[in-house]
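Okay, so here's the structure we're looking at.
Below, read A as the first sequence line, B as the second, and so on, with proteins coming before strands; counting in each chain starts at 1. Keep in mind it's a predicted model, so treat the numbers as computed, not measured.
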Amino acid sequence: MAKKEKDFVKEITPMEEDFSRWYTDVILKNELVDYSPVKGFMVIRPYGYALWEKIQSYADEKFKATGHKNMYFPLLIPESLLNKEKEHVEGFAPEVAWVTQGGNQVLAERLVIRPTSETIICYMYKKWLSSYRELPYLYNQWCSVVRWEKTTRPFLRTSEFLWQEGHTLHETEEEAQTETLKMLDIYRQVAEDLMAMPVVIGQKSEKEKFAGAHATYTMEALMHDGQALQAGTSHNLGQHFTKAFDIKFQGRTGKEEYPYHTSWGISTRLIGGLIMVHSDNRGLVLPPKMAPTQVVIIPIAQKKEGVLEKANELFDKIKAKGIRVELDDSTDNSPGWKFNQYEMKGYPIRIEIGPRDIENNQAVSVRRDKLEKEIISLDNIEETLSEMLDTMQKDLFEKAKAHRDAHTYVVKDYEQYKKDLPTKPGFAKMMWCGCRECEDKLKEETG
RNA sequence: CGGGGUGUAGCGAAGCUUGGUAUCGCGCUUGGUUCGGGACCAAGAGGCCGAAGGUUCAAAUCCUUUCACUCCGGCCA
């Protein structure tokens, strides 16, 4: 069996053998990304970009539904703006890219390519804000940012990445806190509802919080290999930036006040998480809600009379139901080749339809996560498929959740924890007094 | 930024130790037969061996430098 398995998936390194290579193989063979001539910068190819578009449209709809609007701010930020918030510049300065020349002219002031846009957005907010009546400011932008990373991995850590960054201003501290948690919850929905990726929600320690934040909240997902992935963050920035940038408004009492500020972001890293949570040694496994194509129809012996006609009929029926469906009637490759190809690409459901099926008013369906052939009737096939897709979406979430729970441990004894750590990958729940000293000690002693 | 690995046709590899002008599989092109788990036959196209310099009559092979990718660590979305 093991040998047979290997023959089928000869192009993908099994994850048990080398998890990192498996991941790289899956994304390269599926043509999600490719390396560009610039170190650390990746090209996102159509199939990979389609996944990002799914995340974008889902999240964007939620943002709009909660009153946010999109804007666009410039790519370049003057050095002096970056320098205004002390912790912020210390956090980001080591990894920014600089523009020092325009055409043949050396610039009087260096410009940074945005690593994140708090500073330039605050600069503009100062210009615009004057009264409490204008608050809250609820804005978001979809863009890319650049952080000069030393080592990179497609989707997980690249020098340029696509993301959205929301930047809001509020009259009160409570409102800002509510906003921070509200957006974190939308991120949880993106992960859990759309991507079937269970996450743990939490607050970052003082040490790990965003550079310049008052408090940082995060969601983390557990990968197949037992490692956690930071999948999205929401920051309550307090008045750190609004004071540094002197953003003021006239409050209800007539006095000048500084607004409270939040920012929050998710990025193309989520795609890396998606792959590492669901996929297997045959390639991608996509939850139906994420899949650019949900059902692929593969006709068998398609030159035989009636096969293609029936396949097309099915296609129309399924499409009319609102399911994203494809019909592969190409003759270049055998059905067996197609089976493997679409399994690698992670299409949730495959339908086989051949002369024998047509005779019996049936089709063969195979769910990508189960890989078992199942006979389904052609009557109401679109209903059957619709239900299968819903079930699969739920099953994938439950499966990932079971994996997470099986790898979550309660730690009561610190010494025991240190012993267990190398052999028990996953989440560890433990009590912590909250001080920096203990955190440093933990990190030093356990990595 | 530290430590390891790899660069030979679109992809995966052999050749390097012991120098003699590049080989195999997949893919690709053309034609034909096929089609229920990666089909078969025939005929083709495609590479100055990551880059630069050196040694030599002669370099994929030896020497020096450099670049890229990749993995493991420290930091992040």
- Describe the nucleic acid contact of A:Thr24 in one word from base, sugar-phosphate, nothing, applying a heavy-atom distance below 4.0 Å.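 Sugar-phosphate only.
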- Message: Classify A:Lys338 by what it touches in the nucleic acid, base, sugar-phosphate, or nothing, heavy-atom distance under 4.0 Å.
- Response: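 Contact class for A:Lys338: none.
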- Message: Both A:Arg356 and A:Lys209 contact RNA chain B. Which one's nearest nucleotide lies toward the 5' end?
- Response: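 Its nearest nucleotide lies further toward 5', so the answer is A:Arg356.
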- Message: Please enumerate all residues that pass side chain to side chain donor-acceptor pair (under 3.5 Å) together with A:Thr178, with sequence neighbours excluded.
- Response: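 Partners of A:Thr178 by the side chain to side chain donor-acceptor pair (under 3.5 Å) criterion come out as none, since no residue qualifies.
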- Query: What residues, two or more places apart in sequence or in another chain, satisfy side chain to side chain donor-acceptor pair (under 3.5 Å) together with A:Arg153?
  - Reply: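 A:Arg153 satisfies side chain to side chain donor-acceptor pair (under 3.5 Å) with no other residue.
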- Query: Taking both distances under 3.5 Å as the test for a Watson-Crick or G-U pair, what stems of at least three pairs does RNA chain B have?
  - Reply: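 So far as stems of 3 or more pairs are concerned, RNA chain B shows B:1-7 with B:67-73, B:10-13 with B:23-26, B:28-33 with B:39-44, B:50-54 with B:62-66.
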- Sequence neighbours left out, what pairs pass side chain to side chain donor-acceptor pair (under 3.5 Å) with at least one residue falling in residues 292-313 of chain A?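 For residues 292-313 of chain A: A:Thr293-A:Glu326, A:Lys310-A:Glu313.
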- Pairs touching residues 91-101 of chain A that satisfy side chain to side chain donor-acceptor pair (under 3.5 Å), sequence neighbours left out: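 Pairs touching residues 91-101 of chain A that pass the test: none.
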- Could you pull out all residues at least two apart from A:His88 that satisfy ring pair (Phe, Tyr, Trp, His ring centres under 6.0 Å)?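 Counting only residues at least two positions away or on another chain, A:His88 forms a ring pair (Phe, Tyr, Trp, His ring centres under 6.0 Å) with A:Phe92, A:Phe210, A:Phe241.
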- Message: Rounded to whole Å, please give me the gap between OH in A:Tyr217 and P in B:A77.
- Response: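 Value for this atom pair: 16 Å.
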- Message: From CZ of A:Arg21 over to P of B:U70, roughly how many Å is that when rounded to an integer?
- Response: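 A:Arg21 atom CZ is separated from B:U70 atom P by 12 Å.
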- When you measure from the side chain of A:Lys317 to the backbone N and O of A:Leu378, does any donor-acceptor pair fall under 3.5 Å?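 Such a contact is found between A:Lys317 side chain and A:Leu378 backbone.
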